[in-house]
Amino acid sequence: MSEEPKHKLDPNNWAQKHADYLFNYTITRVNKEELAKDIVQETFFSALKAQDNYRGQASERTWLISILKRKIIDYYRKINSKKGKVEVRMDFYEDGERKGKWIEERAPSSWGNEAEKNIENTELKSAIDACIAFLPEKYRMVFLLKTVENYETEEICNELDITPSNLWVIIHRARHQLRKCLEENWFAK
Amino acid sequence: MSNKFFINCDEATTICDKNQYKEASFWEKLKLTFHLFLCKKCGMYSKQNAVVTKVCDKHLHKCETNHQFSEQEKVVLQENISKEVDQ
C-alpha cells in the first residue's frame with residue numbers, strides 16, 4: 001500500500017529554498033507586500049504542523065504551494081465576509097424603458113484597429129499589472145482565480161460562499177474596469 | 001437566464017463574459033450572436049473583452065519572479081521556522 005517516499009522535507013532550509021518563490025506566488029494574489037510575507041511565514045508554520053501528512057510523493061515545493069493556496073483562500077474568505085455579498089452591475093439602466101441597456105457614458109468606445117497588433121508588446125505587461133493592482137481586492141481575487149488559476153465557477157462559489165450570478169457580476173465589473181484601464185493607459189495612447 | 005430570444009445589453013455582456021471561459025451554452029451563444037448583429041456597443045464590448053482575455057493569457061502568469069525577501073528577512077524567517085521545528 002505505502003509507496004516509497006520520493007522526496008523529504010528539509011525545514012531547516014525552507015527560507016533559502018522556497019521563501020522567494022512562495023512570496024512571488026502570494027504577491028500576485030494579495031498585492032500587499034507585508035501581508036504576503038506574513039502569509040508565507042504562516043504557510044511554513046502550518047506546514048511544520050502538518051509534516052506527518054507529507055507522503056513524499058509530491059516535491060517539497062508543490063506540497064508547500066498546496067498549503068499556501070489554502071492560506072490565500074482563507075484570507076479571501078476573511079475579506080469577503082467583511083463586505084456585503086450582493087453585487088450590482090452598474091453599467092446598465094436598472095429599470096424603466098431602457099432597462100438593461102448601456103448607460104451612455106459607461107458604454108465602450110472604439111479602440112481603432114491597432115489593438116490586436118499591440119498584444120505581444122512586453123511593455124503591455126506592466127500596463128496590465130498596474131490595471132490589475134488597481135482593481136478592488138475582491139474583484140481582483142475572483143478575476144485571478146477564474147482567469148489565471150482556471151478555477152471552476154462552482155469551486156470559487158463554494159470557497160467564497162457566493163452565488164454564480166454574483167460571480168459573473170464580479171467578473172463583469174473586473175473585466176469592464178480592466179477594459180477601461182487598458183483603454184486609457186494603452187490602447188488609446 | 002430566461003428562454004426568450006431577444007436579450008438586453010446586460011444579459012448579452014454576461015454571456016460574453018461567460019464565453020471568455022467557454023462557459024456559455026449553445027443557446028446563449030446564439031442569442032449573443034443575434035444581439036451583436038443589432039447592438040454596436042455590445043459589439044465593441046465583445047471585441048475588447050476578447051482583447052482583455054488575450055492580454056491576460058499572454059502577460060499574467062501563475063507566478064511572477066520579481067519579488068524577494070531581503071537576506072536579513074530570510075535569516076529571521078528561518079530562525080522562526082527552526083524555533084518551531086525544535087518545539
Side-chain angles (χ1 to χ4, degrees), chain A residues 11-16 19-21 23-28 33 36-37 40-41 44-45 48-49 89 91-93 99-102 107-111 115-116 119-120 122 124-129 132 143-144 146-150 153 165 168-169 171-172 175-176 178-179 182-183 186-187, chain B residues 1 6-24 35 39-87:
Chain A
N12 289 320
N13 288 306
W14 276 355
Q16 272 309 328
D20 286 340
Y21 189 89
F23 183 31
N24 276 295
Y25 188 97
T26 313
I27 197 82
T28 45
E33 285 214 4
K37 286 176 183 168
V40 170
Q41 174 157 307
F44 287 132
F45 290 167
L48 285 175
K49 289 195 191 109
R89 285 165 68 88
D91 296 322
F92 308 93
Y93 291 101
K99 184 171 190 274
K101 290 202 157 117
W102 284 100
S109 50
S110 177
W111 286 357
E116 296 276 336
I119 290 173
E120 298 289 316
T122 49
L124 180 51
K125 164 103 183 110
S126 33
I128 182 72
D129 280 346
I132 293 275
F143 180 77
L144 291 179
K146 193 87 192 95
T147 314
V148 182
E149 303 282 323
N150 303 319
T153 299
S165 74
W168 290 113
V169 174
I171 294 284
H172 173 76
R175 285 188 159 267
H176 197 43
L178 288 177
R179 198 196 56 75
L182 286 175
E183 176 175 303
W186 187 261
F187 292 115
Chain B
M1 207 161 278
F6 290 93
I7 53 175
N8 61 34
C9 304
D10 192 345
E11 292 161 323
T13 51
T14 302
I15 298 174
C16 178
D17 293 331
K18 284 188 186 172
N19 206 22
Q20 300 308 308
Y21 304 95
K22 311 262 180 285
E23 289 183 36
H35 182 89
C39 179
K40 234 180 147 181
K41 292 190 184 107
C42 285
M44 217 116 70
Y45 180 83
S46 168
K47 223 169 144 185
Q48 293 173 5
N49 206 16
V51 172
V52 170
T53 300
K54 277 191 195 161
V55 171
C56 290
D57 286 350
K58 175 86 194 147
H59 296 287
L60 297 182
H61 311 292
K62 289 204 176 189
C63 205
E64 305 292 343
T65 51
N66 48 356
H67 288 81
Q68 281 179 345
F69 280 90
S70 70
E71 283 310 311
Q72 182 57 33
E73 284 171 326
K74 271 185 209 164
V75 172
V76 175
L77 180 60
Q78 189 57 59
E79 278 172 9
N80 291 344
I81 296 169
S82 300
K83 245 185 266 166
E84 293 279 318
V85 176
D86 295 337
Q87 270 176 17

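A, B, ... follow the sequence lines: proteins, then strands. Residue 1 opens every chain.
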Pairs of heavy atoms under 4.5 Å with chain A: top-ranked of B:Lys41, B:Gln48, B:Glu73, B:Gln68: B:Gln48
Separation of B:Leu60 CG from A:Ile132 CD1 (nearest 0.5 Å): 5.0 Å
Between CG on residue B:Asp10 and NZ on residue A:Lys99, distance to nearest 0.5 Å: 8.0 Å
Gap between atom NE2 of A:His172 and atom OG1 of B:Thr14 - 0.5 Å precision: 7.0 Å
For the student: nearest non-hydrogen atoms of A:Pro11 and B:Val85, plus distance: CB-CG2, 3.8 Å
Distance (rounded to the nearest 0.5 Å) between A:Ile128 CD1 and B:His59 NE2: 8.5 Å
Side chain / backbone / both / neither for B:Lys74 at chain A, heavy atoms under 4.5 Å: both
Euclidean distance, A:Trp168 CH2 relative to B:Thr13 OG1, rounded to 0.5 Å: 12.0 Å
Region of B:Cys16 in contact with chain A, defined by heavy-atom distances below 4.5 Å: neither
Side chain, backbone, both or neither of B:Phe69 within contact of chain A (heavy atoms, under 4.5 Å): both
Contacting moiety of A:Asp91, where chain B heavy atoms sit under 4.5 Å: neither
Portion of A:Glu33 that has a non-hydrogen atom of chain B nearer than 4.5 angstrom: side chain
Whether A:Phe23 and B:His67 hold their rings parallel, tilted or perpendicular, with breakpoints at 30° and 60°: perpendicular
Option passing side-chain contact (heavy atoms from CB on, under 4.5 Å) with B:Leu77 (candidates A:Gln41, A:Gln16, A:Lys37): A:Gln41
Spacing of A:Phe44 atom CZ and B:Asn80 atom CG [to the nearest 0.5 Å]: 11.5 Å
